[in-house]
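One structure is given here, and the rest of the page talks about it.
Here is the naming used below: chain letters follow the sequence lines, and residue numbers restart at 1 for every chain.
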Amino acid sequence: MSASPETTPARPDAPAYDFRTAEPRWQRAWAERACFEAEDVPPQGRPTYYVLEMFPYPSGKIHMGHVRNYTLGDVVARYKRARGFTVLHPMGWDAFGLPAENAARERGIHPATWTFDNIAAMRAELQRMGLSLDWRREFATCQPEYYGQQQKLFLDMLRAGLVERRESWVNWDPVDQTVLANEQVIDGRGWRSGALVEKKLLSQWFLRITRYAPELLAALDGLDRWPERVRVMQAKWIGRSEGARLRFALTDAKLAGQDEVEVYTTRPDTLFGMSFLAVAPEHPLAARLAARDPRAAAFTAECRRMGTSEAVIETAEKRGYDTGLFVAHPFRPQLRCPVWIANFVLMDYGTGAIFGCPAHDQRDLDFARAYGLPVLPVVAAVPADGGQPGGPDDDAAGAIGTRAYDGPGRIVNSEFLDGLTIEDAKRRAISELERLGLGAGVVNWRLRDWGVSRQRYWGCPIPVIHCAACGVVPVPAATLPVVLPADVTFDRPGNPLDHHPTWRHVACPNCGAAARRETDTFDTFVDSSWYFARFCSPHAAEPVACAAVDRWLPVDQYIGGIEHAILHLLYARFFTRAMQATGHLSVEEPFRGLFTQGMVTHESYRDAAGKWLYPEEVERTADGTPRRRADGGAVTVGRVEAMSKSKRNTVDPGAIIDRYGADTARWFILADNPPERDMEWTEAGVAGAYRFTQRLFRLAQGLGGAACPEELPPTIGAAARTLRRATHRCVAAVTEALEGFAFNVAVARLHELANAVGEAERAQGATADAAVDLLWSRHEALRTLALLVAPMMPHLAEEIWHLLDPAAARLAAEMAWPDADPALVAAESVTIAVQVMGRLRGTLEMPPDSPEAIVLAAAAAEPNVARALEGRRVVKRVHVANRIVNFVIAG
RNA sequence: GCCCGCCUGGCGGAACGGCAGACGCAGCGGACUUAAAAUCCGCAGCCCAAAAGGCAUGGGGGUUCGAGUCCCCCGGCGGGCACCA
C-alpha cells in the first residue's frame with residue numbers, strides 16, 4: 001500500500017511522528033517510574049481493580065488474537081488506573097502442555113528449553129505492545145515455584161475428600177497415548193491431537209466437581225457481568241434435570257447374572273408407552289452377556305471402536321443387539337419388555353440404561369423402527385381449540401410415523417395416569433413407583449467428575465506414592481515440590497516418566513518399603529484453574545497469601561476467547577470453591593466480570609494450483625485484481641475466516657508493529673468493530689489507523705510550540721466555544737463508551753474531536769492572529785485528546801503530552817482521567833424533528849426545554865409541515881421534549 | 001435434531017421506542033504539486049433532472065402517534081452442544 005511509512009518521506013516542515021524511537025522511549029519511562037506496579041496488599045482507602053486477560057500458551061509467537069485480547073485488557077487497565085483505581089494487571093504463561101513434548105519428539109529439543117525460549121520471544125513481543133503490565137508478577141506454570149504450590153492444593157483437596165481415584169471408562173487418545181476427559185473429546189476426537197478416541201478402562205484421578213454442581217449452577221444467576229450466552233452454555237453443561245430412578249426386574253436372573261436393571265428417566269409419565277429397555281455397551285449387564293455370548297461381545301466391541309463420530313455422518317444409524325432377556329413392566333408386571341444393548345445409550349449419563357418409549361422420544365422411535373419394536377402412544381396433543389384430545393384430526397393421538405411427539409398434551413392409554421397433564425403424570429408415576437418400592441424421584445446432573453490424570457511428561461506431577469502395603473500415600477508436604485526430572489528421553493511413545501530409570505522408585509513415606517511414585521501428571525486445565533489467584537502474591541511460600549488474595553479477588557474484569565466459555569471457566573469456578581473449602585481464600589466466584597472477544601479474521605488466498613498463500617504473498621493491481629507478488633500469477637480470494645496456519649491467512653503482529661508501530665495496531669483493532677464480534681484484519685484498515693496517528697501528532701504540532709496561555713481568557717469567541725463544547729462532550733462520550741466496552745464508538749468520538757481541532761486550527765489561521773481564547777481552547781482540546789486516547793494509544797499520547805508541555809512533571813500514564821464540564825456538555829440548542837402521521841416533514845432549532853406551546857406553534861408554522869396539515873384536522877399532538885413533535889391528523 | 005447469537009449503504013459499523021446511516025474504510029470531485037504520492041477541503045443510501053415526494057435496517061404480519069429497536073411467523077448466516085433419556 002502506498003500509505004506505507006517507508007514510502008512516506010517526512011516533510012521538512014512537519015516531521016512525522018517517529019514511533020520507532022518514541023515507543024521504546026516511553027516504555028522505558030513507564031518502567032523507570034514503575035507506573036504499573038501494584039502492591040500485593042494495596043493500601044486501604046483506594047479502590048482496587050483487577051484486570052486479567054487469559055494468559056497465553058507459549059507457542060513461540062504472539063498472534064493477532066493475543067494482540068486483540070491484550071489490547072482490550074490494557075485499555076481497561078489504563079482507563080481504570082486513570083479513574084483512580086489501584087490496578088492489578090499481571091501476565092504469565094500457561095506453560096505446560098503437549099506441544100512442548102511434540103517439539104521434543106520431533107526436533108530433539110528439551111520441553112523446558114523449548115518452552116523458556118518461546119516465553120522469552122513472546123515476552124519481548126508483548127513488551128513491544130506497550131502493555132501496562134506489572135511484569136514483576138510474571139510466572140510460568142512449569143516452574144516448580146508454581147506447580148509445587150499446586151501440588152499442595154491438590155493434597156489439601158485430597159484431605160478434604162475432593163479427590164478420588166477410581167477405575168472408569170475413559171477416552172483413550174491413541175496418538176497422545178493419554179486419557180481425555182469426556183469434555184475434551186470433540187466429535188469423537190481428542191481436542192488437541194484430533195485422533196479418533198477409543199474407550200478404555202483405566203485407573204484415574206478425579207476432582208469431584210460434581211459435588212459443587214448445584215452451587216455452580218445456582219451461582220450463575222449472580223454473575224450479572226458475564227455474557228448471557230456463557231451462562232446459558234454453562235448451565236446446559238451442568239445439566240440439571242428432574243426425573244426418576246427405577247428398577248426393572250429381569251425375568252431370568254440366572255441368565256443375566258443379576259436380577260434387576262436400574263434406569264434413569266425424565267419422562268416417567270410415558271412408562272405405559274415403554275416397548276423395550278436398552279443398556280449402554282459399557283454397562284455391566286452388557287459386559288456379563290459379552291462374557292458368554294460371542295455375538296454380544298462382537299457388538300459391544302464394535303461400539304467401543306465406533307466412538308461418537310459415526311453418528312454425525314450417519315444420523316439414522318441406531319444399532320442394537322437383542323439380548324433375549326426381558327424385564328417386567330413396573331405397573332403391568334405381566335407385561336414383558338425385551339432388553340437390548342444399544343449404541344445410543346450413554347454409560348456416563350444417568351445409570352447407563354434407559355427404557356424406550358418410541359412414541360415420545362425421537363431416538364427411541366428411530367431405534368424401534370429399525371428393529372420392528374412396538375410404538376405405543378401415551379400422550380395426546382391437546383387441540384388448539386381446547387376440545388377433547390385425541391380427536392379425528394389429531395395425528396399425535398394414535399398415528400406416530402417417523403416423528404416422535406414430545407410436545408404438551410394429556411396422558412392416554414395409561415390406566416391411572418389417563419387424563420393427567422405431563423407434569424401431573426410425572427408426579428403421579430413417581431409416587432406410584434415409590435409406593436411400589438421400585439423407584440424414586442431424583443435430580444440428575446449431566447456434569448461429570450473431572451478426570452485430571454494425564455500420561456505425559458510435560459505437566460505437574462501428581463504428588464502421591466503407591467505403596468504395596470499402605471496403598472496411596474500423599475507425598476509429605478516437607479518434601480514438596482515433586483520436581484519433574486530433567487533427564488528424560490522421548491524416543492518411544494507413552495509417558496517418559498514411566499521410562500525414567502530412577503525417578504519413580506521411592507521409599508514409602510509411611511512404612512519405608514520400596515514404593516512407586518505416581519507418574520501421571522495433571523491436565524493443564526488444573527494449572528489455569530487458579531493462576532489468577534497466584535498472581536495476587538506470586539512469590540508467596542504458600543499457594544496464595546490470604547491478605548493479598550482477599551484484597552484483589554475476585555477478578556473485576558476477565559477477558560478472553562469464547563472458546564473457554566465452558567471448560568476453563570467452569571474448572572476455575574470449581575477450583576475457587578475448593579480453595580475456599582480448604583482455607584486458602586474466602587471468595588466463591590473467581591471472575592466478577594467476563595468479556596468474551598471475537599476472533600480476528602482475514603481473507604484467504606489460493607493460487608491457480610489451489611495452494612494457500614500468505615497475505616504478504618498477494619498484491620493488488622491498480623483495478624484491485626489480486627495477483628501473486630512473486631510472478632503476477634492468478635489468485636483466488638476465498639472467504640474471510642478465522643486466521644489459521646493451515647489457511648495461511650495469518651498476519652504476524654511483529655511485522656505489523658515493525659511497520660506501523662504498536663499504537664497503530666492497537667488503534668485499528670479497537671476501531672474496526674465492537675470487540676465481542678469477529679473483526680476482519682485488512683491492510684487498508686491498518687493504513688487508515690496509521691494515518692490517524694500521524695494526523696493527531698500533526699495537530700499537536702500545529703500549535704507550533706506555542707505555550708498555553710496561563711488563564712482561560714474572560715471572553716470566549718464562537719470558534720473557541722465550539723471547540724470547548726466538542727472537547728467536553730467528547731470526554732463524556734468516550735467515558736461512557738469505555739465503560740460499556742464500546743471501544744469502536746470511543747474511537748469515532750475521538751475522530752470527531754480531532755476534526756474539531758483541525759477546524760479550530762484553520763479558524764485560527766484565518767484570523768491571522770493569536771486569538772488567545774482559541775489558542776487556549778486548542779491546548780485544552782489537545783491535552784484532553786492525549787489523555788482520552790492514552791488507554792488506546794499510550795505511546796502517542798505520551799508524545800503529544802510531552803509536546804504540549806515539555807516540562808510536565810507527570811507522564812500521561814500518571815494523569816487522572818479528564819472531567820467533563822456539565823455546562824459545556826449540555827446542548828445550547830436542540831434539533832426537534834417534526835412529523836405528520838409519523839413521517840418527517842421538517843426540523844426545528846430550539847433552545848433546550850422550550851415550553852411545549854411554543855414548540856408546537858413553531859412546528860405547525862414550519863412551511864413544509866403547514867402544507868401537510870393544510871385542510872386537515874389535527875386530532876393529537878405528540879411532543880417529546882427536545883426530540884420530536886408528531887401531529888396526528890384525522891382521516 | 002436441540003440451544004444461542006446475528007442480519008442496517010460498496011465495506012466495518014452508529015443510533016435512551018423519537019431526524020436511520022454518526023465515525024471510519026473504499027470511492028468521486030477540488031486545492032496544493034511540473035506531475036504523482038502524501039496532506040488539506042468537499043460530495044456521497046436508492047429512485048427522480050432538481051425541488052417536492054417516494055422507497056429503504058433479510059422477508060411477512062402485529063403493537064404504537066411513531067419500530068433498526070418490542071411481539072409473532074418465515075428465511076439466511078454464524079456459533080455451541082449432540083445419540084444427555
Side-chain angles (χ1 to χ4, degrees), chain A residues 2-3 7-11 14 16 182 186-187 227-230 232-233 235-237 239 241 243 263-267 270 278 308 310-312 315 317-318 342-346 348-351 353-357 360-364 366-367 444-448 562-563 565-566 599 624 641 668 671-674 676-680 682 684-689 691-692 694-695 698 733 742 744-752 754-755 758-759 761-762 831-844 864 867 875-880 882-889:
Chain A
S2 47
T7 61
T8 308
R11 285 161 50 176
N182 278 307
I186 314 279
D187 291 339
E228 176 65 19
R229 72 181 167 132
V230 174
V232 169
M233 284 162 79
K236 287 188 176 295
W237 193 265
S241 68
V263 153
Y264 172 75
T265 180
T266 56
R267 293 297 302 271
T270 63
T308 52
E310 289 274 341
V312 177
T315 49
E317 186 67 276
K318 298 275 186 295
N343 64 351
F344 67 94
V345 179
L346 301 177
D348 285 326
Y349 188 80
T351 61
I354 63 156
F355 80 79
C357 175
H360 306 294
D361 182 285
Q362 191 60 46
R363 289 155 308 180
D364 295 351
D366 293 344
F367 189 74
N444 192 56
W445 302 85
R446 178 184 176 277
L447 184 69
R448 289 187 278 265
I562 187 74
E563 67 272 19
I566 297 176
M599 294 182 300
E641 54 191 316
F668 173 50
D672 189 59
N673 69 347
E676 67 275 13
R677 293 196 209 168
D678 290 352
M679 76 162 287
E680 186 186 351
T682 61
V686 200
R691 283 197 300 271
F692 186 69
Q694 296 296 329
R695 178 152 178 253
R698 277 195 307 272
N744 57 323
V745 178
V747 164
R749 299 288 90 88
L750 288 162
H751 270 282
E752 285 171 349
N755 290 342
E759 250 170 75
E761 187 179 286
R762 285 197 302 285
T831 309
I832 296 171
V834 184
Q835 299 178 338
V836 177
M837 292 299 277
R839 308 196 66 108
L840 184 72
R841 294 299 176 212
T843 58
L844 298 173
N864 230 12
R867 180 150 21 103
V875 296
K876 187 172 180 181
R877 294 170 178 82
V878 180
H879 175 230
V880 179
N882 301 326
R883 290 199 175 272
I884 204 160
V885 170
N886 188 13
F887 294 108
V888 184
I889 55 183

- Task: Sticking with atom C1', work out how far B:G45 lies from B:G27, rounded to a whole angstrom.
- Result: 14 Å
- Item | Nearest-Å distance once atom C1' is located in both B:G21 and B:C71 | 26 Å
- Query: Distance from A:R267 atom CZ to A:D361 atom CG, nearest 0.5 Å?
  - Reply: 8.5 Å
- Message: Can you see if the side chain of A:R749 gets near the phosphate of B:G24 - specifically, an N or O under 4.0 Å from OP1 or OP2?
- Response: no
- Query: Taking CZ from A:R229 and P from B:C4, how many angstroms apart are they, rounded to a whole number?
  - Reply: 13 Å
- Message: Roughly how many Å apart are B:C77 and B:U63, using the P atom of each and rounding to a whole number?
- Response: 32 Å
- Query: Given pairs defined as Watson-Crick or G-U wobble with both distances under 3.5 Å, what dot-bracket annotation applies to RNA chain B, with ( ) intrastrand, [ ] crossing, | other strand and . unpaired?
  - Reply: (((((((..(((.....[....))).(((((.......))))).(((.....)))..(((((..]....))))))))))))....
- Task: Measure from the side-chain heavy atoms of A:V232 and tell me the nearest of B:C83, B:C3, B:G13.
- Result: B:C3
- Atom CZ of A:R229 with >12 non-hydrogen neighbours under 6.0 angstrom: no
- Which of parallel (below 30°), tilted (30 to 60°) and perpendicular (above 60°) describes A:H751 and A:F692? tilted
- Item | Residue A:N886, side-chain heavy atoms: nucleotide from B:C65, B:C40, B:G13 that is nearest | B:C65
- Message: Using 0.5 Å steps for rounding, measure from the NE2 atom of A:H879 to the CG atom of A:N886.
- Response: 12.0 Å
- Atom CD of A:E761 and atom P of B:U39: how far apart are they, to the nearest Å? 15 Å
- Is a donor on one side and an acceptor on the other found under 3.5 Å between the side chain of A:N864 and the backbone of A:R841? yes
- Message: For the CZ atom of A:F344 and the CG atom of A:D366, what is their distance to the nearest 0.5 Å?
- Response: 8.5 Å
- Candidates B:A82, B:C19, B:C40 - which lies nearest the side chain of A:T831: B:C19
- Message: Here's a test of your reading of the structure: between A:G685 and A:T266, which maps to the more 5' nucleotide of RNA chain B?
- Response: A:G685
- How far does the P atom of B:U8 sit from the matching atom of B:U57, given to the nearest Å? 11 Å
- Using atom C1' of each nucleotide, how far apart are B:C73 and B:A26 to the nearest Å? 38 Å
- Item | Side chains of A:R677 and A:N744, donor plus acceptor under 3.5 Å | no
- Which of these nucleotides, B:G12, B:A85, B:A22, is closest to any side-chain atom of A:V345? B:A85
- Item | In B:G76, glycosidic geometry as syn within 90° of 0 or anti otherwise | anti
- Message: For B:G13 and A:N673 - does any side-chain N or O of the residue sit under 4.0 Å from the phosphate oxygens OP1/OP2?
- Response: yes
- Query: Is there a donor-acceptor contact under 3.5 Å from the side chain of A:D672 to the main chain of A:M679?
  - Reply: no
- What nucleotide, of B:A85, B:C41, B:C19, holds the atom closest to the side chain of A:R267? B:A85
- Item | Residue A:Y264, side-chain atoms from C-beta onward, closest of B:A82, B:A14, B:A85 | B:A85
- Just how far, in rounded Å, is P of B:C7 from CG of A:D678? 13 Å
- Can you check whether A:R677 has a side-chain N or O nearer than 4.0 Å to OP1 or OP2 of B:C6? no
- Spacing of CG belonging to A:L346 relative to CZ belonging to A:R448, to within rounding of 0.5 Å: 7.5 Å
- Task: Assign a letter to each nucleotide of nucleotides 51-56 of chain B from its 5' end: B, base within under 4.0 Å of a protein heavy atom; S, sugar-phosphate only; -, no contact.
- Result: -SSSS-
- If the C1' atom of B:A37 is compared with that of B:A31, how far apart are they to the nearest Å? 15 Å
- Note on the structure: The nucleotide from B:C40, B:A85, B:G24 with an atom nearest the side chain of A:D361 is B:A85
- Task: Could you tell me whether A:T843 contacts a base, only the sugar-phosphate backbone, or nothing, with contacts defined as non-hydrogen atoms closer than 4.0 Å?
- Result: base
- Any side-chain N or O of A:K876 under 4.0 Å from OP1/OP2 of B:C65? yes
- Could you pick out which residue, A:N444 or A:V878, lies toward the 5' side of RNA chain B when each is mapped onto its nearest nucleotide? A:V878
- Verify the contact: side-chain N or O of A:R691 to OP1 or OP2 of B:C25, cut-off strictly under 4.0 Å; return yes or no. yes
- Give the rounded distance in Å between these two atoms: CD of A:E676 and P of B:G79. 17 Å
- Query: For A:F692 and B:C40, what is the distance between atoms CZ and P respectively, to the nearest whole Å?
  - Reply: 11 Å
- Message: Give me the distance, rounded to whole Å, that separates B:C4 from B:G42 when you measure between the P atoms they each carry.
- Response: 48 Å
- Item | B:G24 OP1/OP2 closer than 4.0 Å to side-chain N/O of A:N755 | yes
- Could you measure between the two C1' atoms, the one in B:G60 and the one in B:G5, and give it in whole Å? 22 Å
- Item | A:C357 backbone acceptor or donor facing A:D364 side chain under 3.5 Å | yes
- Task: Return no unless some side-chain N or O of A:R698 is found under 4.0 Å from OP1 or OP2 of B:C40.
- Result: yes
- Whole angstrom value for the distance that separates P of B:C81 from CZ of A:R448: 14 Å
- Note on the structure: Out of B:G18, B:C81, B:A22, minimum distance to the side chain of A:R446 belongs to B:C81
- Query: Is A:N444 reaching over with its side chain to a backbone N or O of A:Y264, donor-acceptor style, under 3.5 angstrom?
  - Reply: no
- A:E752 CD to B:A15 C1', straight-line distance once rounded to whole Å: 13 Å
- Within-4.5 Å side-chain heavy-atom neighbours: A:F887 and A:Q835: no
- Note on the structure: A:M233 CE to B:A82 C1', in whole Å, measures 13 Å
- Nearest-0.5 Å distance, CE of residue A:M599 to CD of residue A:E680: 12.0 Å
